[in-house]
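Data first, discussion second: the structure below is written as structure tokens.
Please read these numbers as outputs of a predicted model, since none were measured by experiment. Residue numbers start at 1 and run along the sequence shown.
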Amino acid sequence: MINSPRAKTRPRCGLSWKAEPRMNTHEHEIEALIRRGESLVLEFKSDLKCLPDRDLVATVVSLANTEGGDLLLGVEDDGSVTGLHANHFNVSGIPSLIVNKTNPAISVKVERHNLQSKSVARISVPKSRQLVSTSDGILVRRRLKLDGTPEAVPFYPHEFIQRQSSMGLVDPSAMVLEEIDASQLDPLQRLRIRNAIKKYGGEQSLLALADEELDGALGLCREVNSVRRPTIAGLLMLGTEELLRANLPAYEVAFQVLRGTDVRVNEFYRKPLIETFEEVELQFKPWLVEEEIQVGLFRVPVPNYDRRAFREALVNALVHRDFSTLGAVHVKLDNDGLSISSPGGFIEGVGLDNLLVAPPRSRNPLLADIIKRIGLAERTGRGIDRIYEGMLRYGRPAPDYSMSNPYTVSVFMANAAADLDFLKMVVEQEDKLGNMPIDSLIILSRLREERRLTTADLAPSVQKPEATVRATLEKLVETGFLEPHGIGRGRTYTLSARLYQKAGKKSEYIRQAGFAPIQQEQMVLNYIDKHGGIKRADVMDLCHLNGPQAYRLLKKLTDKELIKKTGEKKHAAYTR
């Protein structure tokens, strides 16, 4: 809801048109929207008293300044449909009103629908790639309250950079701090940068540069009116603790170790970025526990947490965080596992459903580039793959990003025991064919947990089209990791008999691979003899088949005249 300074004045409606013919399309879609209730991208507005133009425009602005979405005019907050006021019955004037009353102008799509014998206007608002206000200067955005319901709130100046950086329009880390002279920076931190380049395999050509040349090459400092000034990225890399506290108050890193309710470690850092990274890594090291297993001629270490996965997750949190938002990067170890969180939600275009496939982007491009060139981060920008690989190759659950929200990105790595048989399989594969692709690891991990899946089941986890996932599945069949069952869209996959045999789980393979066709036929006939009849759902449950496979089995028995079909579709049943 919008609370504007003129909310107490008598509603004024500037729209007054004659009625136009009703539109009777997509009513089911409107009903579905109403059932969902108000959200960040959906707002209901009552029009019983003719919603004032000012409030209508402000609501559109709040949607455009957030994620875009729909405004349903003529619907109460509780979802009840009360209809449009007579002055809004002709909706063709609403788009021009919005264009004239917004700055820059917003182009909306408006449709009128008949619902429950009343008219409702659906105003579709695009997400704006720049900040939008009303012509009266009202600048608002939407957010979710603690109870999950949305509200419109003022858009403050300090939030502008946050919004623009999340959309990739500006680079906050490249901003020059004109009140700081380069001479105030800590020269010891340049030595840390050079040591990091040697240690982590960064760009070796940087080592030959003098200090000022290094600053320029990495974008740590820039000349302003013939005076060298640090960028925000430069301050993060070279600043003293005092300078960082004074100029980047949001910058802080916390490392905590909890055992039950007992706090073992609780350290907070405001030191330059590389120094902070190294100190957190040192704090983390004593909590690493490692064993070894024999795979062929080699001994393979099995840590409780993969070091490279930890490093990538920590670097991501440090580099991609929102420095305009107060709050520390939190690294927490407890009995359940390791969690790393950083202020600021996912950047525009990245979400839980495309983490693995979204093009590499950063909220702070200059800082991200510096860290890659030094060697601290994955040079290809695919550090997320490293985090997944660091969990999955040991037979552990995939990293969990589900606790992330619009204000925080959080990853959790479970403290689960490694599946040594799975690890041996991966190591043997890598010895023969090279590194196992992350898609294959995800597929094998899910089948290890859920036993039998279709291509459609696996596609959301791999985050790629079904055709691509199917090609990966068939490669795994060719290499002997999987076995297919059935044909067409109903084709399912299980881990192969060889893998179950190597793990000493032959009986488990029999249960998951299913029964031979002749056994399935006999099981159906026995079921009918005992219960008098059978339905397709019964066959699916009895023989562990999907719908199409159960249908084909029943048709085969019918064609052999071993059973008879009565009824059609969902009412079909089979008897002897």
Side-chain angles (χ1 to χ4, degrees), residues 1-7 9 11-17 23 26 29-30 33-34 36-77 79 81-85 87-113 115 119-145 149-156 159-160 163-164 166-167 348 406:
M1 302 295 292
I2 304 291
N3 294 319
S4 67
R6 295 174 57 181
T9 62
R12 177 186 62 82
C13 185
L15 303 173
S16 181
W17 304 291
M23 297 174 64
H26 307 303
E29 191 176 340
I30 302 297
L33 284 173
I34 292 173
R36 288 181 210 159
E38 289 185 305
S39 67
L40 206 62
V41 294
L42 180 62
E43 173 73 5
F44 302 156
K45 281 292 182 186
S46 173
D47 200 33
L48 285 172
K49 298 180 180 179
C50 186
L51 183 71
D53 295 353
R54 180 187 178 93
D55 290 352
L56 175 63
V57 174
T59 303
V60 169
V61 164
S62 71
L63 286 163
N65 278 334
T66 312
E67 297 295 327
D70 290 301
L71 164 59
L72 296 184
L73 185 61
V75 180
E76 304 300 313
D77 288 343
V81 178
T82 51
L84 294 173
H85 189 276
N87 289 343
H88 284 154
F89 205 67
N90 184 337
V91 300
S92 61
I94 294 180
S96 58
L97 169 76
I98 302 300
V99 166
N100 291 326
K101 293 286 187 178
T102 53
N103 187 20
I106 303 173
S107 178
V108 300
K109 178 182 177 183
V110 184
E111 296 173 339
R112 180 163 61 82
H113 302 287
L115 201 66
S119 290
V120 172
R122 178 181 183 179
I123 305 173
S124 299
V125 183
K127 179 176 181 176
S128 176
R129 293 194 61 80
Q130 52 189 321
L131 297 178
V132 181
S133 73
T134 70
S135 57
D136 294 331
I138 297 175
L139 187 62
V140 284
R141 63 181 177 87
R142 288 171 73 77
R143 72 176 181 189
L144 295 178
K145 295 185 283 188
T149 59
E151 65 176 348
V153 295
F155 213 145
Y156 294 110
E159 297 171 320
F160 295 173
R163 163 79 172 177
Q164 291 172 312
S166 70
M167 299 184 75
E348 174 80 4

TODO: State, with a plain yes or no, whether a side-chain heavy atom of V120 is found less than 4.5 Å away from one of V81.
DONE: yes

TODO: Give, for atom CG of L115 and atom CG of L33, the distance between the pair rounded to the nearest 0.5 Å.
DONE: 10.5 Å

Open item on the list: Can you tell me how far apart OG (S133) and CD1 (I106) are? Round to the nearest 0.5 Å.
Closed with: 9.0 Å

Open item on the list: Is the shortest side-chain heavy-atom distance between K49 and H85 below 4.5 Å?
Closed with: no

Open item on the list: If I take atom CG from residue L71 and atom CZ from residue F44, how far apart are they, to the nearest 0.5 angstrom?
Closed with: 10.0 Å

Task: Qualifying residue, where the test is side chain to side chain contact (heavy atoms under 4.5 Å, CB included) with V60 and the options are D55, I94, I98 - done: I98

Task: Rounded distance (nearest 0.5 Å) linking atom CD of E43 with atom CG of D77 - done: 7.0 Å

TODO: State, with a plain yes or no, whether a side-chain heavy atom of E111 is found less than 4.5 Å away from one of V91.
DONE: no

Task: CG-CD1 distance between N103 and I138, expressed to the nearest 0.5 angstrom - done: 13.0 Å

- [ ] List the steps and the verdict of side chain to side chain contact (heavy atoms under 4.5 Å, CB included) for K45 and L73.
- [x] CA-CA 5 Å; K45 281 292 182 186; L73 185 61; 3.9 Å; yes

Task: Minimal non-hydrogen separation, A152 against S62, with atom names - done: CB-CB, 4.1 Å

Open item on the list: If I compare all heavy atoms of P150 with all of L40, which pair ends up nearest, and what's the gap?
Closed with: CB-N, 4.4 Å

TODO: Give, for atom NE2 of H88 and atom CG of D47, the distance between the pair rounded to the nearest 0.5 Å.
DONE: 5.0 Å

Task: salt bridge (Lys or Arg N to Asp or Glu O under 4.0 Å) contacts touching residues 61-75 (sequence neighbours left out) - done: E67-K127, D70-R122

TODO: Not counting sequence neighbours, which residues clear side-chain hydrogen bond (donor to acceptor under 3.5 Å, both in side chains) with T82? List them please.
DONE: E76

Task: Considering all heavy atoms, the nearest P154-R141 contact - done: O-NE, 4.2 Å

- [ ] Please report the closest heavy-atom contact between V132 and P104, naming both atoms and the distance.
- [x] CG1-O, 3.6 Å

- [ ] Identify whether the distance between the nearest side-chain nitrogen and carboxylate oxygen of R54 and D136 falls below 4.0 Å.
- [x] yes

Task: Minimal non-hydrogen separation, L97 against D53, with atom names - done: CD1-OD2, 3.9 Å

Task: side-chain hydrogen bond (donor to acceptor under 3.5 Å, both in side chains) partners of N65, counting only residues at least two apart - done: none

